[in-house]
Amino acid sequence: MAEISNFIKTIMENDLKEGKVDHIATRFPPEPNAYLHIGHARAIIMDFELAKCFGGKTNLRFDDTNPVNEGAEYVDAIIENLGWLGYTPDNVFFGSDYFEKTYEKAVLLIKKGLAYVDDLSQEETTAYRGTLTEPGKDSPYRNRSVEENLRLFEEMKEGKYADGEKTLRAKIDMASPNINMRDPVMYRILHREHHRQGNKWCIYPMYDFAHPLQDSFEGITHSLCSIEYDNHRPLYDWFVEKCEMEHVPHQYEWGRLNITNTIMSKRYLRQLVEGNYVTGYDDPRMPTLVGLRRRGFTPSSIKEFILYTGLSRINSTTNAVNLDHFLMEDQKMSAPRAMTVMDPLKVIIDNYPEGQVEYFDAPNNMENLELGTHKIAFSRELYIEREDFIEVKPNKKWKRLALDSEVRLMNSYFIKAESVVKDENGNIIEVHASYDPETRSGNNFTARKPNGTIQFVEASTAKKAKFNLFEPLIFDETEETKGLSFIDRLNKESWIVKEGYVEFDLENTVPGDHYQFMRNGYYCTDKDSTKEELVFNRTCSLKSSFKPNN
RNA sequence: UGGGGUGUAGCCAAGCGGUAAGGCUUCGGACUCUGAAUCCGACAUGCACUGGUUCGAUCCCGGUCACCCCAGCCA
């Protein structure tokens with residue numbers, strides 16, 4: 001695995017060296033309200049790998065301080081995804097586990113005169129906050145006595161007030177140029193059932209108040225988050241200090257990772273699912289972990305991608321080919337290689353005995369012979385890829401089949417195309433060819449060089465298959481689509497299904513199996529496969545230096 | 001327009017005062033029972049721009065420009 005190296009690691013090294021910390025502890029804090037995607041994978045991998053570098057620990061902490069959208073089904077999915085990536089948290093905690101302790105800290109702040117109960121409505125709060133360029137003004141309730149605040153907060157907790165009627169706010173500075181410091185709300189009233197706490201609470205702490213406390217309770221040393229929280233760091237530090245936290249965690253930010261032409265925001269992902277633009281969160285075109293998995297991405301390919309991509313404080317958009325590269329790197333020595341025909345054209349070997357079928361032993365992976373061999377059938381009737389045949393060779397660079405020229409059928413014989421049969425519209429429906437027994441695979445035949453090597457499948461034994469050829473969801477970014485909503489920019493032609501054949505050997509394949517279908521690229525068996533027909537998702541293509549025009 | 005963050009090649013990204021790592025992409029060439037893979041080779045006199053300090057600046061200082069984030073009782 002690639003060695004991890006980035007500015008956060010340097011910070012950790014220095015903190016350790018300078019004695020600022022004596023251990024490293026990180027946490028991955030998802031809110032259980034969405035499926036994890038590749039962006040989360042980066043956070044997970046960084047949190048775990050960075051801690052691992054120093055023999056530290058990493059907690060999984062569900063940030064469930066807002067009962068509105070959160071649910072247990074996401075908890076299980078997140079734990080499962082983490083396991084898939086190969087990580088076992090040292091602890092699994094819930095932010096809601098700390099509600100009692102968090103409440104006590106809020107009381108402490110009230111007692112210190114640093115928090116107050118506010119009666120302003122939501123609209124009024126917004127108005128009082130001021131704008132980016134104008135300072136806010138103090139709430140008329142800002143100077144209530146400690147006793148009154150204590151009583152009111154207690155009453156909030158007891159459910160005496162309706163949602164939105166009151167809030168608990170930190171008393172900081174309504175004129176701060178940093179809007180996050182203008183008396184942020186610490187607690188809001190929400191008469192909602194919590195997925196773990198039930199109806200025990202009707203006040204819930206806000207992220208800004210809860211998060212630093214949770215980090216402290218757990219002894220987190222380096223609290224890593226994305227760059228948009230940069231503005232919240234002063235507040236994070238303020239709460240840690242004013243709440244007199246024994247352990248002092250620190251927040252560090254990094255830039256978000258985007259992939260070209262895909263959408264990562266949970267809101268948009270949800271729209272794609274709910275609008276039936278995709279078949280679900282595990283649609284192979286989705287950037288979710290379950291989607292990538294179904295498409296054929298492996299945990300190690302994702303890890304390598306993340307580790308090689310690195311990180312900085314810049315929000316970056318990596319080209320999707322980078323992802324493909326690491327998948328291919330991961331698969332090339334381990335995925336069995338097999339022949340397929342996705343757009344079949346019948347070839348009849350006229351000089352091959354009718355009714356005879358012979359079998360060849362083909363290596364599963366020419367570069368890794370340890371993977372063993374499989375049987376390839378050969379007979380008088382075969383299918384080749386339609387694009388691998390042309391009547392008249394366009395130029396000397398054409399490396400496929402053409403009339404009067406010879407190619408090697410991979411793992412079997414040389415064949416020479418002799419004539420074609422066309423239908424009434426002039427389309428080629430059959431190619432007649434001859435084979436040369438001398439050129440049998442394994443004979444080390446060197447007397448002639450073939451024009452090239454192409455794939456084939458034996459007609460009577462091949463199994464039907466469907467190939468989902470698609471791009472990950474593409475969101476056009478052109479001049480014409482500028483300003484359109486993301487859903488209107490969605491390229492709906494991004495899923496092409498081809499119906500063809502695979503070698504019958506793949507009959508015993510299981511959903512999730514990986515193959516390289518030679519020049520067609522890497523594929524993964526889909527769960528939609530049936531006994532009659534296998535379904536494959538293209539995971540990534542190979543590079544091709546073939547240009548049809550040269 | 002207040003505050004904060006960030007600008008190193010087509011895309012990521014190291015570098016933190018001593019003369020621009022690495023990966024991906026791209027382009028040549030060799031090899032090939034995959035037009036793949038592999039192997040060789042090429043690819044920033046330049047670090048947003050501009051002044052200054054210095055023997056020396058991508059690194060330090062000043063100015064300018066561009067992009068991103070912040071006005072939820074979301075996280």
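Throughout, a chain's letter reflects where its sequence line sits, starting with A, and its residues are numbered from 1.
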Does [X] make a side-chain donor-acceptor contact with the base of [N], cut-off 3.5 Å?
{"X": "Tyr229(A)", "N": "A75(B)", "value": "yes"}
{"X": "Asn178(A)", "N": "G2(B)", "value": "no"}
{"X": "Glu367(A)", "N": "U38(B)", "value": "no"}
{"X": "Asn231(A)", "N": "C69(B)", "value": "yes"}

Keeping [X] on the side-chain end and [Y] on the backbone end, is there a donor-acceptor pair under 3.5 Å?
{"X": "Gln455(A)", "Y": "Thr340(A)", "result": "yes"}
{"X": "Arg182(A)", "Y": "Arg129(A)", "result": "yes"}
{"X": "Asn395(A)", "Y": "Trp398(A)", "result": "yes"}

### Task
Any chance you could measure His211(A), atom NE2, to Leu235(A), atom CG, to the nearest 0.5 Å?
12.5 Å
## Note on the structure
Value for CZ (Arg408(A)) from OG (Ser441(A)), rounded to nearest 0.5 Å, stands at 5.0 Å
### Task
Map Lys166(A) and Thr317(A) onto RNA chain B by nearest heavy atom, then report which one ends up closer to the 5' terminus.
Thr317(A)
### Message
Quick check on RNA chain B: between Thr453(A) and Phe7(A), whose nearest nucleotide comes earlier from the 5' end?
### Response
Phe7(A)
### Query
Would you say a side-chain N or O of Ser316(A) is under 4.0 Å from OP1 or OP2 of A13(B)?
yes
Sugar-phosphate, base or nothing in reach of [X], heavy atoms under 4.0 Å:
{"X": "Gln455(A)", "value": "nothing"}
{"X": "Lys399(A)", "value": "base"}
{"X": "Thr318(A)", "value": "sugar-phosphate"}
{"X": "Arg313(A)", "value": "sugar-phosphate"}
{"X": "Asn411(A)", "value": "base"}
{"X": "Ile306(A)", "value": "nothing"}
{"X": "Arg400(A)", "value": "base"}
{"X": "Ser121(A)", "value": "base"}

### Whole angstrom value for the distance that separates P of C73(B) from CE of Met156(A)
13 Å
#### Entry: Atom-pair distance (CD1 on Ile314(A); C1' on C69(B)), nearest Å
15 Å
### Query
With syn defined as a glycosidic torsion within 90 degrees of 0 and anti otherwise, which applies to G62(B)?
anti
### Message
Quick check on side-chain contact (heavy atoms from CB on, under 4.5 Å): which of Leu269(A), Ile263(A), Ile259(A) does Pro287(A) satisfy it with?
### Response
Leu269(A)
### Query
In dot-bracket notation, what is the pairing pattern of RNA chain B, taking Watson-Crick (N1-N3 plus N6-O4 or O6-N4) and G-U wobble (N1-O2 and O6-N3) contacts under 3.5 Å, with [ ] crossing and | for other strands?
.(((((((.[[[..)..(...]]].(((((.......))))).....[[[[[..)....]]]]])))))).....
